[in-house]
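First comes the structure, then the notes that go with it.
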Protein chains: 2
Amino acid sequence: MKLGQATIKDIARELNVSSSTVSRALKDYPGISDETKRKVKELAAKLNYRPNAIALSLRKSRSFTIGVIIPEVVHFFFSTVISGIEEVANSRGYNVILTQTNEKYDRERSSIETMLSNQIDGFLVSYSKETQDFDHFSNLLDQGYPIVFFDRVPQIPKAINVMVDDYRGAYDAVSHLIRQGYKRIIHLAGPKNLAISKERIRGYRDALTDHGIEVDESLIVECPLGTDTESRKITTEILKSDSVRPDAFFGNNDMAAVGAMLACKDAGLQIPNDVGIVGFSNWQFCSMIDPGLSSVAQPGFQMGAKATEILLDIIEKKLDPEQITESVTLPTELLIRKSSVRIKN
Amino acid sequence: MKLGQATIKDIARELNVSSSTVSRALKDYPGISDETKRKVKELAAKLNYRPNAIALSLRKSRSFTIGVIIPEVVHFFFSTVISGIEEVANSRGYNVILTQTNEKYDRERSSIETMLSNQIDGFLVSYSKETQDFDHFSNLLDQGYPIVFFDRVPQIPKAINVMVDDYRGAYDAVSHLIRQGYKRIIHLAGPKNLAISKERIRGYRDALTDHGIEVDESLIVECPLGTDTESRKITTEILKSDSVRPDAFFGNNDMAAVGAMLACKDAGLQIPNDVGIVGFSNWQFCSMIDPGLSSVAQPGFQMGAKATEILLDIIEKKLDPEQITESVTLPTELLIRKSSVRIKN
DNA sequence: ATTTTAGTTGCAATCGTTTGCGTTTTCGTT
DNA sequence: AACGAAAACGCAAACGATTGCAACTAAAAT
């Protein structure tokens, strides 16, 4: 079995020195003769010595591990964020322990508990759709635990937030649609308790008014699930109703946009000539579907990387959390594909 | 700061009892008076006591943490596997520490090192494309560390492998194409050092011969990257060449299949009437594109869940690794969509 | 009154590593 | 030969929890 992992004591015994000496020799501390250092290192290599990180954590009350709490892993955007987190954490010598909440408030809380038990050095959090109050996070902050929120960020004191410019992204997308001549633009919106949904709605509104179009509240339709199936159904309903037909859809996410696209095709409408569509997130499939789906790209990898950098800087006291007063906002980029560009004739 | 996390000692001091008593009281050990238990538990609750998992790990030489080594997180299939791993690990009280290798052999090795340092209880591994020799895994197995491989599995002694029935999946897909009347079927194959690629090629071959079609080696085209861009380019080349035009594509993965689809559309070919296409993995976008992409569904979630169950059973000695002699193979399912069903007229 | 016995609790070692401080050894100097 | 200083190393406590064993108390049995 996996017994026999050599420890400092083993080396010490074999060499007839104390553990202290071995420890210091391995770390090249002053006050140890070169001869001893050589012998210790040699034996360590021979025995394939590996420091016990657990013992170290206990001693130092630091685990060199950060905890990531995320709604779901199976989600293109979040997976890119994780990738960014992983890269930075790894390169700076930290481990990443991951839990997904599946959008459940209870799991969010219990994840925090187990992570605390595991003496996590800090948290990286994107909260669940179910979460309505943020006391569990506020408590952590009050106790001095470093937390950096990303994407889905709470409005609570002392929180450090990394997000993308949802407002600008939405604003750009809708402005683009207007410039293409679309006038009756539906917004397939996200759950209204998420700040990101609100920001995108705000961007939608402002783009319309800034271009002299009055906002028709009935054109803002909530798609709480954000799946293609849901929005396909909703869109089909809309197209069937006897009100004036919309001529464009701006989705809170790409899935919603695709659902709308499919519903429009079902209804025999031509995209982009009859209906223009823009999504949000720029999932991989945007470039794979026909017509290509215009979308607002969110820099997921950078977001994960940035959030992790800030977190680790705080943990390592290179950064004082008090000094960070405003959120970090990463730019979005509107990628224009065929779904929203009217073909001239 | 985050000082002041209460320990057993704190409770002991406050109550004028020993740490042993507190420890036992909290765990409802016999030999502690009800009175003491009550007082201890009360104070523990009041102080918001949380056992220090690190200290426990050190004592027990067990961390209740499993390490997951995966090529990349940003990959639909792998993310579903992670999700399955997370679910099972979580429900059984284990943490998951995650690293991605980005398909690099070196990172695979260093990941193993840090995980060993962190005293993880077992490994869940899908190895990288770069990995050619498996000594680093064999060594671990020899030392008695529990490892369960999934999806990309090595052919080494004592390895426990969980995989999907790649052979059957490919066989079914190609048989389906043949039954639809497609005759000249190209296989956009994966890297040949991966067993999964080989199995899919074998399925492709057998399906052809079983249906009386001779295998034309030139129709097996390797797409090492497995991206849509790559296969689009390769497919375009094929269609341009002056050999007989193929009438179907079977992709080693969905990206490759989509690339072929786009190339065919570029070339003005009708899908499915001129060309049939089937992919592998059943990524989310398969149902979102037009025409819907037929694909072989791999049960990623189940794979992650199953692999984790086996690993934890071994860790908890409910299962003897010696007894597992053959790989666990999960069934695939061919999902037929429009891309491979010829429209009758 | 003495011994049992059951019921409670404490001592101390342990897991592997680090580190302040004290001790020993070595060597140069006078 | 004797002293001092520098160099090299060891002791022991600490991190937080667990646990075999011993110890203590009080009530019951003899």
Side-chain angles (χ1 to χ4, degrees), chain A residues 1-41 43-44 47-65 93 114 116-121, chain B residues 1-41 43-44 47-65 93 114 116-121:
Chain A
M1 292 308 281
K2 64 181 168 180
L3 309 169
Q5 175 56 286
T7 73
I8 280 196
K9 287 185 189 173
D10 296 328
I11 301 179
R13 199 177 317 113
E14 187 110 353
L15 256 37
N16 273 320
V17 295
S18 73
S19 315
S20 345
T21 304
V22 176
S23 171
R24 288 191 261 249
L26 288 171
K27 304 229 134 141
D28 270 331
Y29 266 47
I32 303 292
S33 71
D34 291 347
E35 173 65 4
T36 310
K37 282 188 189 171
R38 194 188 51 73
K39 281 201 288 190
V40 167
K41 287 182 183 170
L43 186 57
L47 296 182
N48 195 20
Y49 167 77
R50 231 188 316 267
N52 184 323
I54 296 283
L56 233 168
S57 298
L58 184 58
R59 184 83 227 282
K60 306 253 180 176
S61 308
R62 303 247 290 101
S63 61
F64 282 94
T65 300
T114 50
L116 285 177
S117 265
N118 283 278
Q119 313 297 113
I120 287 267
D121 293 343
Chain B
M1 289 308 282
K2 65 181 168 183
L3 310 167
Q5 175 55 283
T7 74
I8 279 197
K9 287 185 189 173
D10 296 328
I11 301 179
R13 199 176 319 112
E14 187 110 354
L15 257 37
N16 273 319
V17 295
S18 72
S19 320
S20 346
T21 304
V22 175
S23 171
R24 285 190 265 248
L26 288 172
K27 303 231 134 135
D28 270 331
Y29 266 47
I32 302 291
S33 69
D34 291 347
E35 173 65 6
T36 311
K37 282 188 190 168
R38 195 187 51 72
K39 282 201 287 190
V40 167
K41 286 183 183 169
L43 186 57
L47 296 181
N48 195 18
Y49 168 76
R50 232 188 316 267
N52 184 323
I54 297 282
L56 235 166
S57 298
L58 183 59
R59 182 83 225 280
K60 306 251 175 174
S61 308
R62 299 246 346 233
S63 61
F64 282 94
T65 299
T114 50
L116 285 177
S117 264
N118 282 280
Q119 313 297 114
I120 58 164
D121 295 341

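The shown structure was predicted, so the numbers you read here are calculated from the model rather than taken from an experiment. To find a chain, count down the sequence lines: A is the first, B the second, and so on, and within it residues start at 1.
Proximity of B/K60 to the phosphate of C/dT14: no side-chain N or O atom is located under 4.0 Å from OP1 or OP2. OP1 or OP2 of C/dT17 has at least one side-chain nitrogen or oxygen of A/Y49 nearer than 4.0 Å. Side-chain N/O atoms of B/K27 include none lying less than 4.0 angstrom from OP1 or OP2 on D/dT19. The shortest distance between the side-chain N/O atoms of B/T21 and the OP1/OP2 oxygens of C/dG10 is below 4.0 Å. For D/dC9, the OP1/OP2 oxygens have a side-chain nitrogen or oxygen of A/T36 closer than 4.0 Å. Residue A/S18 places at least one side-chain N or O under 4.0 Å from the OP1 or OP2 atom of D/dG10. Using a 4.0 Å cut-off, some side-chain N or O of B/S23 falls inside it from OP1 or OP2 of D/dT18.
Atom CZ of A/R62 and atom P of D/dC15 are 18 Å apart (whole Å). Per the geometry, CG belonging to B/D28 stands 15 Å off P belonging to D/dT19, to the nearest Å. Between the CD1 atom of B/I8 and the C1' atom of D/dA17 there is a distance of 5 Å, given to the nearest Å. At whole-Å resolution of the value, CZ in B/R13 and P in C/dG10 are 14 Å apart. Rounded to whole angstrom, the span from the CD atom of B/E35 across to the P atom of C/dG7 amounts to 18 Å. One can place CG of B/L58 at 17 Å from P of D/dA14, the figure rounded to the nearest angstrom. Between the CG atom of B/N52 and the P atom of D/dA14 there is a distance of 17 Å, given to the nearest Å. Atoms CG (B/D34) and C1' (C/dG7) sit 12 Å apart, rounded to a whole Å.
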Would B/S23 and B/S20 satisfy side chain to side chain donor-acceptor pair (under 3.5 Å), going step by step from the backbone distance to the final call? CA-CA 5 Å; B/S23 171; B/S20 346; over 6 Å; no
Please lay out, stage by stage, how B/K60 and B/D121 fare under the test salt bridge (charged side-chain N to carboxylate O under 4.0 Å, His left out). CA-CA 11 Å; B/K60 306 251 175 174; B/D121 295 341; over 6 Å; no
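Counting non-hydrogen atoms under 4.0 angstrom, B/P30 reaches nothing in the nucleic acid.
Taking CG of B/N118 as the start and CG of A/L56 as the end, the distance is 10.0 Å to the nearest 0.5 Å. In this structure, CG on B/N48 lies 5.0 Å from CZ on B/R50, to the nearest 0.5 angstrom.
A salt bridge is defined here as a Lys NZ or Arg NE, NH1 or NH2 lying under 4.0 Å from an Asp or Glu carboxylate O, and B/K41 with B/D34 fails to meet this definition.
In this structure, B/K37 places its NZ atom where more than 12 heavy-atom neighbours from other residues, nucleotides or ligands lie under 6.0 Å away.
For A/R24, the listed nucleotide lying nearest its side chain is D/dC11; candidates were D/dG16, C/dG10, D/dC11. Relative to the side chain of A/S33, the nucleotides D/dA8, D/dC15, D/dT18 differ in distance, and D/dA8 lies closest.
Judged by closest nucleotide on DNA chain D, A/V22 is the one of A/V22 and B/I54 placed further toward the 5' end. Take the nearest nucleotide of DNA chain C for B/N16 and for B/A55: the residue whose nucleotide is more 5' is B/N16.
With hydrogens and angles ignored, a donor-acceptor pair under 3.5 angstrom links the side chain of A/S20 to the base of D/dC11.
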